[in-house]
Amino acid sequence: MDYYPPDERKNDVTNENEIWEMAKVNLQKQLGFSEISMNLWFGSMVLKVLTEDTAYFQIENDFKQNIINTRYLDDIKKVMAEILGFEVKIVPISIEKDSFEAKLAEVITKENEQKEPYEKKAPETPAVSDKSYLTREIISNEEGTGTVTISRTSPNFLPEYTFDNFVVGNSNKTAYTSARTVAEDPAGPEFNPLFLHGDPGLGKTHLLYAITRELTAKHPDFNIIFVKGEDFMNELIEALANKTPVAFREKYRNADMLIVDDIQFIAGKASVQEEFFHTFDKLYESGKQIVLSSDRPPKDMHQLEERLRSRFESGFISDIQAPDLELRVAILKRKAQNLGINVPNDVLMYLGENIKDNVRQIEGALKKMRALAYIQGEEINMSHAKTAVNDVLTNMANAVTPAKIMSFVSSKYGIPEEDIRSSKRSKDIANARHITVYLIRKLVDMPLASIGKLLNRDHTTIMSSVENVEKQLKVSPAFENTINEMIREIKSGT
Ligand code: ADP
Ligand code: MG
């Protein structure tokens with residue numbers, strides 16, 4: 001995550017105070033408070049750390065922290081957004097029992113633990129991992145006719161994830177066109193199932209949401225179930241534990257359309273694959289549309305059952321590749337426009353040339369520049385762009401980076417980093433290499449080919465390292481514990 005230890009920011013940006021002072025003026029208006037009330041609740045509150053997605057405030061005691069948490073979070077969020085031009089999460093931190101720095105470290109470790117591996121670097125789109133959004137619950141299915149409700153508990157539900165907002169270029173044209181076709185004419189023979197695959201951050205989830213939105217707008221009664229592969233798996237495990245597999249089955253098999261984002265999560269888990277296989281067949285046979293996304297094509301999902309693979313391959317498969325320069329600049333222009341910021345051409349080119357692999361990083365850089373420019377009271381310029389690119393690409397000091405993972409594994413197993421990168425094949429070295437690759441893949445948003453470059457290997461070798469570890473994980477709970485422990489340690493920066 002994008003975290004600045006307070007002291008290291010001095011040269012960069014120091015104006016949290018001013019921001020908070022301005023925000024407080026609006027807050028007072030908004031709440032209609034007297035000076036005395038303002039002072040009572042907010043007088044000692046200090047904006048200590050501002051990142052691109054969170055504002056951490058110091059509060060003098062637990063009592064006030066509690067009051068702010070229960071009463072004023074939304075108001076503070078609103079006035080901060082008015083000043084910054086974008087929303088940040090508000091996190092009050094009480095210093096009654098410990099120093100701000102100690103508490104902050106605790107909070108950040110917790111936040112990191114809660115984030116999911118592949119969504120890790122997407123603080124700007126929290127709703128992607130928010131299960132409660134867009135879950136449609138069947139409230140009456142006794143006669144097999146599902147009435148559905150959509151719960152939209154998240155206020156910032158990806159309003160921007162539409163077809164109109166998807167910038168089309170050579171690398172994503174086929175995926176875009178097939179998704180559009182499915183949204184216009186579900187369950188046509190050619191596009192069922194539709195299988196989209198590509199590296200993280202290239203727009204798969206965006207397209208799946210766009211399909212959902214378009215269809216929901218046109219056919220409000222259409223029962224679309226949108227689920228992440230991981231959630232499907234967890235829900236099934238829970239249903240089996242609670243002995244309610246029938247309700248689970250009915251829910252899924254009554255869908256008019258089933259969309260599973262990140263289906264790769266079900267590979268390797270026999271009971272989940274079994275259940276998914278039957279769901280798939282039932283829906284397919286009743287002429288219902290199925291849409292799947294994955295970080296790899298079916299042929300590379302080596303732990304996928306053959307019968308599922310052949311079904312995944314029976315419809316239309318499209319990949320999404322990393323955008324070329326032209327598309328990157330087009331996306332930049334569109335995002336800048338959506339964010340309401342004016343970005344000079346040289347800055348656009350600089351960003352386009354430097355941020356290559358992941359569209360999510362493009363957005364991150366734009367928001368970062370906007371915050372820097374705002375805070376320094378300047379128009380966006382090259383110096384903001386350089387800082388933003390640097391931050392986004394190194395993903396900030398505190399975050400998990402491939403370099404950190406490499407050095408962690410190296411010291412844990414006592415194997416020099418050169419050996420991990422080398423072509424040496426001794427068992428210990430190969431094992432450390434597999435684990436390094438697996439951890440990078442799991443903890444960092446990075447395409448296989450880029451991991452390959454880091455380790456002097458091609459992407460198929462990288463994939464087989466990942467699979468090697470996945471296989472060991474399946475058979476050895478002890479190994480699983482070791483890996484989980486390593487993940488925990490890496491995330492907490494120890
Ligand atoms: P994936 O699911 O493939 O990991 P996402 O769909 O979450 O990627 O996309 C990451 C971010 O990049 C999202 O904010 C999405 O809106 C944006 N994005 C990706 N591709 C495009 C595109 N072609 N046009 C506009 N935005 C895009
Ligand atoms: Mg996704």
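This is a predicted model, so every value here is computed, not measured. Ligands are counted one by one from 1 in listed order, and the atoms in each one are counted from 1 as well.
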Item checked: 4.5 Å side-chain heavy-atom contact, Ile435 and Ile483 -> yes
Margin query: Show the nearest heavy-atom pair for residues Thr460 and Asp458, with the distance to one decimal.
Written below: OG1-OD1, 3.0 Å
Item checked: Nearest-option assignment for atom 5 (P) of ligand 1, heavy atoms, candidates Gln361, Glu363, Arg360 -> Arg360
Checklist line | Geometric N/O contact Gly201 with ligand 1, under 3.5 angstrom | finding: yes
Margin query: Less than 4.0 angstrom from a charged side-chain N to a carboxylate O is my criterion; do Arg180 and Glu184 meet it?
Written below: yes
Margin query: For ligand 1 and Gly203, I'd like to know whether there is a polar contact (N/O to N/O, distance under 3.5 Å).
Written below: yes
Checklist line | Numbered atoms and elements of ligand 1 in range of Asn165, under 4.0 angstrom, heavy atoms | finding: 24 (N), 25 (C)
Notebook entry, point to check: Heavy atom under 4.0 Å from ligand 1: found in Ile331's side chain, backbone, both, or neither?
Noted result: side chain
Checklist line | Cationic N near anionic O, under 4.0 Å, Glu275 to Arg249 | finding: yes
Notebook entry, point to check: Does ligand 1 have any atom sitting under 4.0 Å from a heavy atom of Pro200?
Noted result: yes
Check: Between Lys204, Lys173, Arg334, which one has a non-hydrogen atom sitting closest to atom 3 (O) of ligand 1?
Finding: Lys204
Checklist line | Electrostatic pair Arg360-Glu363, nearest N-O below 4.0 angstrom | finding: no
Check: What is the minimum heavy-atom distance between Tyr438 and Val466, and which atoms define it?
Finding: CD1-O, 4.0 Å
Check: Does Leu327 approach ligand 1 within less than 4.0 angstrom via side chain, backbone, both or neither, non-hydrogen atoms only?
Finding: neither
Item checked: Pair Arg311 + Glu305, salt bridge at N-O below 4.0 Å -> no
Check: Do Asp281 and Arg253 meet the salt-bridge criterion of a basic N to acidic O distance under 4.0 Å?
Finding: no
Check: Should Val359 be counted as touching ligand 1, given the test is an N or O pair under 3.5 Å?
Finding: no
Next item on the list: Using a strict 4.0 Å cut-off to heavy atoms of Asn172, name the atoms of ligand 1 that fall inside it.
Entry: 23 (N)
Item checked: Ser293 near the Mg ion (ligand 2) via N/O/S, less than 2.8 Å -> no
Item checked: Location of contacts on Lys335 toward ligand 1, heavy atoms closer than 4.0 Å -> side chain
